[in-house]
There are 2 protein chains.
Amino acid sequence: MEAETAHATDEYGIPVIPCPSDAARRKRQLIIDAAAAEFLAEGYSAASMDAITSRSGVSKATVYKHFGNKERLFLAVIGGILPGSCAGPEPRGAALADAPDLRAALIGLTRDWAALLLRPDVMALRRLVIGEVDRFPQLGRLWYRLTYDVNNGPLVEAVTELGRRGKLDAPDPGLAVQQLVAATVGVPQLVHTFAPATEVDEAELTRVVTSGVDLFLARYAAS
Amino acid sequence: MEAETAHATDEYGIPVIPCPSDAARRKRQLIIDAAAAEFLAEGYSAASMDAITSRSGVSKATVYKHFGNKERLFLAVIGGILPGSCAGPEPRGAALADAPDLRAALIGLTRDWAALLLRPDVMALRRLVIGEVDRFPQLGRLWYRLTYDVNNGPLVEAVTELGRRGKLDAPDPGLAVQQLVAATVGVPQLVHTFAPATEVDEAELTRVVTSGVDLFLARYAAS
DNA sequence: GTCTATACGGAGATAGAC
DNA sequence: GTCTATCTCCGTATAGAC
């Protein structure tokens with residue numbers, strides 16, 4: 001910081017004039033990172049703008065210049081990291097219909113998805129959104145949209161396509177996918193929702209996900 | 001209140017001397033009701049002791065005499081109403097093994113259970129516990145214990161017994177029950193977790209629960 | 001046990017120099 | 001755009017009379 005006010009120079013003595021908007025963007029990112037950490041650790045109401053200021057290293061006035069108030073900062077930060085934290089099995093979901101071994105493909109897909117959703121930071125974000133959904137219904141709708149349109153959507157398409165090809169027999173593909181997700185990812189997720197400190201046991205996770213996929217196939221595999 | 005300080009009398013002029021500890025208990029209950037409403041509406045941090053005082057009608061000092069501080073009040077109130085809000089299908093879960101029509105019994109049981117868990121006040125309580133589980137891990141453990149020991153427990157017993165009688169074939173009854181719950185109750189619960197305003201459609205609920213039970217039986221009914 | 005009145009700190013947000 | 005210093009209010013919790 002002092003370097004800037006003292007006309008910083010590079011190693012050859014040439015003054016370095018940072019693009020002002022660039023410096024602003026860097027500070028903005030510092031604020032976002034600090035705010036995300038504070039909100040995730042404390043929740044919305046208990047998080048303090050003073051603490052965010054301290055964590056970020058910038059002054060409080062700068063925070064307010066950038067984001068206006070606490071609500072807007074919260075929505076910008078949480079809304080910004082939600083998409084990355086829900087990023088599920090879209091790419092592989094679309095390719096599911098062409099997988100040679102459907103069972104193995106489903107197991108791999110749900111297992112990887114569960115591993116992402118069970119990450120402590122993702123679980124903390126999920127708990128935060130759930131706890132604040134009355135105050136910020138937008139975030140609930142966003143989570144719902146990201147989960148169902150982005151993640152479940154391709155799976156529903158794949159199940160429908162597999163039905164056309166005679167490999168699955170699911171009269172209601174949308175409900176079938178909800179059940180598949182609930183019976184695989186949903187089971188360990190529920191445990192970690194109420195017991196955050198629980199560690200993820202990879203072997204146990206594979207066992208649960210495998211059993212869930214078998215449950216799904218026992219009902220919906222074409223006879 | 002004035003009646004007490006003015007030596008209240010009944011309709012015959014006989015002075016009414018309320019048992020002091022009884023008056024205290026009544027006030028205590030007023031505080032508990034007011035605190036529950038405030039905490040459920042605002043969350044822990046945003047709830048104010050001033051608001052709880054106003055809602056209850058007693059003075060702030062009385063609240064602190066009874067409960068010490070905000071944390072203790074929160075734990076007492078939420079911990080006190082949790083058991084009533086998780087009260088699931090225990091009585092019928094135990095009788096499940098003797099039901100003449102297993103499928104119908106499972107559908108009725110999960111449908112009624114879902115109807116309870118989807119009640120707006122129960123959902124709000126659930127969101128509150130989830131959102132505060134980092135600050136109050138006791139509540140998470142209590143919820144987990146109430147759900148698994150009280151509700152899932154009898155179901156696991158019933159599934160085990162049905163296995164002995166050759167009606168079900170579930171190698172891991174605990175996991176099977178988790179899957180049953182996830183595929184029935186869990187599906188609409190997930191929707192209402194992120195979209196509190198959604199109304200419960202009875203017909204849709206029956207459809208989802210029925211499909212979940214059929215999913216369960218397709219895998220675990222003895223052949 | 002219950003009240004009124006108050007102490008004390010920290011919250012969100014802003015003014016004004018640079 | 002960024003900082004320092006400050007404003008104002010509301011938070012939890014308590015003191016002391018009754």
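Note on naming: letters A, B, ... go to the chains in the order of the sequence lines (proteins, then strands), and numbering restarts at 1 for each one. Source: prediction; values computed, not measured.
- If you check dT12(D), dT2(D), dA13(C) against the side chain of H66(A), the one that comes closest is dT2(D).
- As a whole-Å value, the separation of R25(B) CZ from dT2(C) C1' is 17 Å.
- Phosphate proximity of dC3(C) to K27(B): present, with a side-chain N or O under 4.0 Å from OP1 or OP2.
- If you check dA13(C), dT2(C), dT14(C) against the side chain of A61(A), the one that comes closest is dT14(C).
- Judged purely by distance below 3.5 Å, without hydrogens or angles, the side chains of Y44(B) and E71(B) never pair a donor atom with an acceptor atom.
- Side-chain atoms of S211(A) never come within 3.5 Å of backbone atoms of V208(A) as a donor-acceptor pair (strictly under, hydrogens ignored).
- Distance L30(A) CG to dT2(D) P: 10 Å, rounded to the nearest Å.
- With hydrogens and angles ignored, the 3.5 Å screen pairs a side-chain donor or acceptor of T110(A) with a backbone N or O of I107(A).
- Whole-Å rounding puts the D50(B) CG to dA11(C) C1' distance at 14 Å.
- Of the listed nucleotides (dT12(D), dC3(C), dG12(C)), dT12(D) has the atom at the smallest distance from the side chain of K70(B).
- Separating the CD1 atom of I52(B) from the P atom of dT12(D) is a distance of 8 Å, rounded to the nearest angstrom.
- Between the CG atom of L96(B) and the CG atom of L106(B) there is a distance of 5.0 Å, given to the nearest 0.5 Å.
- Rounded to an integer number of Å, the gap from CZ of F67(B) to P of dT12(D) is 15 Å.
- Here the side chain of N151(B) pairs a donor or acceptor atom with the backbone of C86(B) at under 3.5 angstrom.
- One interatomic measurement links the two molecules: CD of E71(A) to P of dA11(C), which rounds to 18 Å at whole-angstrom precision.
- For the OP1/OP2 pair of dA13(D) and a distance below 4.0 Å, the side-chain nitrogens and oxygens of Y64(B) include at least one atom meeting the criterion.
- Distance, M49(B) CE to dC3(C) P: 14 Å, rounded to whole Å.
- Residue contacts for A47(A): at a heavy-atom cut-off of 4.0 Å it reaches the sugar-phosphate backbone alone, with no base atom in range.
- At whole-Å resolution of the value, NZ in K65(B) and P in dT2(C) are 10 Å apart.
- Considering only the side chain of N69(A), dA13(C) comes nearest among dT12(D), dC3(D), dA13(C).
- Here S59(A) lies in heavy-atom contact (under 4.0 Å) with a base.
- The shortest distance between the side-chain N/O atoms of T62(B) and the OP1/OP2 oxygens of dT2(C) is not below 4.0 Å.
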